[in-house]
Amino acid sequence: MENKFNFKELEGKIYRAWEKSGVLTPKIDKDKQPYVITMPPPNAYDRLHIGHALFVTLEDIMIRYHRLKGEPTLWLPGADHAGIASQVFFEKILKKEENKTRYDLGREEFIKRLRKFVLEKRKIVEDQLRRLGASCDWTRNKFTLDPDVSEAVYHTFKKMYDEGLIYQGERIVNWCPRCNTGLSDLEVAYQETEGQLTYIKYPLQNSDEFITVATTRPETMLGDTAVAVNSKDKRYKNLIGKTLILPLVGREIPIVADDAVDPKFGTGAVKVTPAHDPTDFEIGERHKLDAPIVVGQDAKMTNRAGKYAGLKVLDARKKILEDLNKSGLIEKQIKYEHRVGHCDRCKEVVEPLISKQWFVKIESLAKPALEAVKSGKIKFIPKRFKKVYLNWMENIRDWNISRQLWWGHRIPIYYLKSDKTKFAVAKNTDDAQKELGGEVVQENDTLDTWFSSGLWPFTTLGWPRETQDFKYFYPTTVMETGYEIIFFWVARMIMLGLYCTGEVPFELVYLNGIVRDKNNQKISKSKGNVIDPIDMVEKYGADALRMGMMMGTAPGSDTHVDENKIRAYRNFANKIWNAARFISMKAPGAKSINNVNLSTADTKMLKEFKEIIKKVTREMDKYEIGQAGDTLYQYFWHRFCDECIENTKPRLEDAKASDAAGAVLNHILKNSLIMLHPFVPFVTEAVWQELYSSSGQLITQAWPQ
RNA sequence: GGGCGAUUAGCUCAGUUGGUUAGAGCGCAUCAUUGACGUUGAUGAGGUCACUGGUUCGAAUCCAGUAUCGCCCACCA
């Protein structure tokens, strides 16, 4: 053996051996309970980041542990088409390299090229997963746009539509002018922003009086169709029903009573812009008000904005304030902290505006999803997220599933060309034509990526077909993912899982935290603090990175990457290697501990080791992974190496004692390798091959008892 | 406005049914070294476990409150 663990040379070979041997593919054994994790599919187009390294490490540890225990263990890998992110990313490349937009290429060509791009990138992602040591079953690898997955998506959409759970609605959605699509409520991040609250006077018709309204968005006044006051507000009681003249526009608008208005805020009178504010939209519906759209999807003023048409929102705001000021209609302006919605993806300010979108009626889906968690059918680690989930689920609102994107599952709705009010859900154009009896055109929108992601635990197993995989491996065991996507993903999987299959999609939700840098900053490209996990693998080995990711972290709490820490665990991998090297030199071919005369020191060591086995097993079963890693690290290095081996050295040189001494060291080493294997799979496998595998068998020994 | 989390060594963090001298990594100090490993070993410095009160034979751990920081949710314009 070399005097160092040569991870650079060995890791690739070892991974290939795992993959080739077939151990990553479970054998279906009806007498055994399988252990199943569906991997959260990384975005196919993008390299893995350090957050992936964390989840890969945790999941691989869970998977390898159960595989070593002899359970049929499936870790199903895949990749996500990541609608918005991929499309926006590719559009940027297109712009940069060819100075073209997607419209220059047209839908078909754009998708064709993007698909090619994504499928190429996906290979890189898969290779990176291998380099991290992910022992997933590549024979079952999936992509969210695979034909069978798309088929399942269609099947679900159709079922939901037929059962009245999908409807089209024209209502306020959050629109991202940069991504050029509507978003769900979840995809909007609100940020405290310093703004101004402007008090504007709206004159009463045929009177010198006026009502003052307060707004943070003066430019939307062009789309005002009423002013609302609380019916109980004495100040305005006499004015309800009267008419105001909308400044700058000259339009007549009514004063209406609506209890959504808080009399204590501002002046107690609210300008109502149904097309550009969710609350106003509702007020508008209650009072049957018009909803003129004055801000367009490009975040510029529309033709309805008269002389302000074409101006960007902020420019229009400035101009309007100037004009109001000239007319003496601004009562005052005060500084005001308020929340402004930003696109979760690109950070652009979102515009709430009316548009036509497809929605999922969520109530009937949410109920069983609540129950499954309340009853404990699905458990959370750490427990506190159960409450977070329940709270969100109890207040859930309908889900906007349409996106004005090209990249994704195109909504399987077809309109009759001659009469667009007639449409049908169909698998393809031919079917649609048959059904509608004429030329058809497909809906332009695609489905929210999370719609297909929500089906992931079972589409990956062949559902809706009653495949052997689906019957045996579903429901899955663990869903391990980040707490930041509980609502986006976990909640949707639970709802759709119960809806589609009638069963929970998984029994346990294990949530990991966010990876931060050593200054406690979120890792992000814009902060320039990214650490490429593959760089770390190259420098210190995958085992070291894995240890660095999981040691000292508790479930659900944020974790820090620190190159020093990773370096330290490279030393640990090397320590394992050298302990083995020493034992292989001094006690090769050792006997079994059952066939030697154990000294009292030996029995003591073995007894202590048994305790360690129990402790590690207990911790693993409770998913205290960081704890189990720590126990093993401490034991192996500071007990086994520093004390057991050191103290045994003289006995190895003593002919009378060397048999027993060698047997004990080998026994402990061998079983330690098995227990360490989920954490540091490469070095343990390498050592195993050197010491305990005569013909290349891999570590498949049962977990020690 | 609600909810949650954090506060432990110079730094970043573990410490999950309350139990002897509170741990790790990095950093620091002294010493050792042709020895499985210097990617090492030994020894050591460094902690009023945020604060206050309570429960208990016993509290970093349980309870109540306070402070600071952070996160999430929410249609006050």
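What you see is a predicted model, and the numbers here were worked out from it, not measured in a lab. Protein chains get the first letters and strands the later ones, always in sequence-line order, with residue 1 at the start of each.
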NA contact type, [X], heavy-atom cut-off 4.0 Å: base, sugar-phosphate, or nothing?
| X | value |
| --- | --- |
| A568(A) | sugar-phosphate |
| F7(A) | nothing |
| D280(A) | nothing |
| F572(A) | nothing |
| G552(A) | sugar-phosphate |
| V261(A) | base |

[N] and [M]: how far apart are their [atom1] atoms, nearest whole angstrom?
| N | M | atom1 | answer |
| --- | --- | --- | --- |
| rU20(B) | rG27(B) | C1' | 30 Å |
| rU40(B) | rA36(B) | C1' | 10 Å |
| rA45(B) | rA29(B) | C1' | 7 Å |
| rG70(B) | rU43(B) | P | 42 Å |
| rA9(B) | rA60(B) | C1' | 14 Å |
| rU7(B) | rG44(B) | C1' | 28 Å |
| rU12(B) | rA77(B) | P | 36 Å |
| rA67(B) | rU52(B) | C1' | 11 Å |

Of the nucleotides [options], which one has an atom closest to the side chain of [X]?
| X | options | answer |
| --- | --- | --- |
| Q634(A) | rC75(B), rA42(B), rA24(B) | rA24(B) |
| R397(A) | rC75(B), rG25(B), rC37(B) | rC75(B) |
| D262(A) | rC73(B), rA77(B), rU39(B) | rA77(B) |
| T215(A) | rU39(B), rA14(B), rA77(B) | rA77(B) |
| K4(A) | rA36(B), rC75(B), rU39(B) | rU39(B) |
| T216(A) | rA77(B), rA36(B), rU39(B) | rA77(B) |
| N571(A) | rC26(B), rC37(B), rU40(B) | rU40(B) |
| F582(A) | rA14(B), rA36(B), rA77(B) | rA36(B) |
| K622(A) | rC72(B), rA24(B), rU16(B) | rU16(B) |
| W637(A) | rU39(B), rA77(B), rU40(B) | rU40(B) |

Does [N] have a Watson-Crick or wobble mate here (both distances under 3.5 Å), and if so which one?
| N | answer |
| --- | --- |
| rC71(B) | rG3(B) |
| rC62(B) | rG54(B) |
| rA45(B) | none |
| rA24(B) | rU12(B) |

Does OP1 or OP2 of [N] have a side-chain N or O of [X] closer than 4.0 Å?
| X | N | result |
| --- | --- | --- |
| K387(A) | rC4(B) | yes |
| R384(A) | rG3(B) | no |
| S557(A) | rA14(B) | yes |
| Y569(A) | rA24(B) | no |
| Y190(A) | rC75(B) | no |
| R339(A) | rA77(B) | yes |
| N578(A) | rU40(B) | no |

Measure the distance from [atom1] on [X] to [atom2] on [N] and round it to the nearest whole Å.
| X | N | atom1 | atom2 | answer |
| --- | --- | --- | --- | --- |
| R581(A) | rU40(B) | CZ | C1' | 13 Å |
| M393(A) | rC72(B) | CE | P | 20 Å |
| I566(A) | rA24(B) | CD1 | P | 20 Å |
| D233(A) | rC76(B) | CG | P | 19 Å |
| F5(A) | rU39(B) | CZ | P | 17 Å |
| I576(A) | rU39(B) | CD1 | C1' | 13 Å |
| Y389(A) | rC71(B) | OH | C1' | 21 Å |
| E643(A) | rU40(B) | CD | P | 17 Å |

Next item on the list: Please round to the nearest 0.5 Å and tell me the distance separating atom CD1 of I172(A) and atom CG of D280(A).
Entry: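 So the gap between those two atoms works out to 8.0 Å.
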Note to self: On the six-membered ring of F582(A), is K649(A) placed so that its NZ or CZ lies under 6.0 angstrom from the centre and within 45° of the ring axis?
What the structure shows: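 Ring-cation test returns yes.
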Item checked: Non-hydrogen atoms of I396(A) and A366(A) that approach each other most closely ->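 Of all heavy-atom pairs spanning I396(A) and A366(A), the closest is CG2-CB, 3.8 Å.
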Note to self: Using heavy-atom distances to pick each residue's nearest nucleotide on RNA chain B, tell me which of D277(A) and Q627(A) is more 5'.
What the structure shows: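 First, find each residue's nearest nucleotide; the 5'-ward one identifies Q627(A).
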Notebook entry, point to check: Does D630(A) or A554(A) map to a spot on RNA chain B nearer the 5' end, using the closest nucleotide for each?
Noted result: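 The residue closer to the strand's 5' end, by nearest nucleotide, is A554(A).
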So for [X] and [N], does any side-chain atom that can act as donor or acceptor lie under 3.5 Å from a complementary atom in the base?
| X | N | value |
| --- | --- | --- |
| K649(A) | rA36(B) | yes |
| E646(A) | rA36(B) | yes |
| K575(A) | rC37(B) | yes |

Checklist line | Stepwise side-chain hydrogen bond (donor to acceptor under 3.5 Å, both in side chains) check, T198(A) with Q196(A) | finding: CA-CA 6 Å; T198(A) 307; Q196(A) 279 186 320; 5.2 Å; no
Check: Going by distance alone, is a donor N or O of one side chain under 3.5 Å from an acceptor N or O of the other, for T212(A) and K332(A)?
Finding: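 No pair is found: no donor N or O on one side chain lies under 3.5 Å from an acceptor on the other.
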Check: Excluding sequence neighbours, so at least two apart, what forms side chain to side chain donor-acceptor pair (under 3.5 Å) with Y540(A)?
Finding: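 Listed in chain order: E563(A).
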Note to self: Taking the ring of Y633(A) and the ring of Y569(A), is the distance between their centroids below 6.0 Å?
What the structure shows: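 Centroid separation for Y569(A) and Y633(A): below 6.0 Å.
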Next item on the list: Kindly check if the number of other-residue, nucleotide or ligand heavy atoms within 6.0 Å of CZ (R345(A)) is above 12?
Entry: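 Not buried by this count: 12 neighbours or fewer within 6.0 Å.
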Notebook entry, point to check: Any salt bridge between R217(A) and E219(A), counting N to O under 4.0 Å?
Noted result: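 A salt bridge is present here (some side-chain N lies under 4.0 Å from a carboxylate O).
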Check: Should E619(A) and K615(A) count as an ion pair when the cut-off is N to O under 4.0 Å?
Finding: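 Result for this pair is yes, salt bridge flagged.
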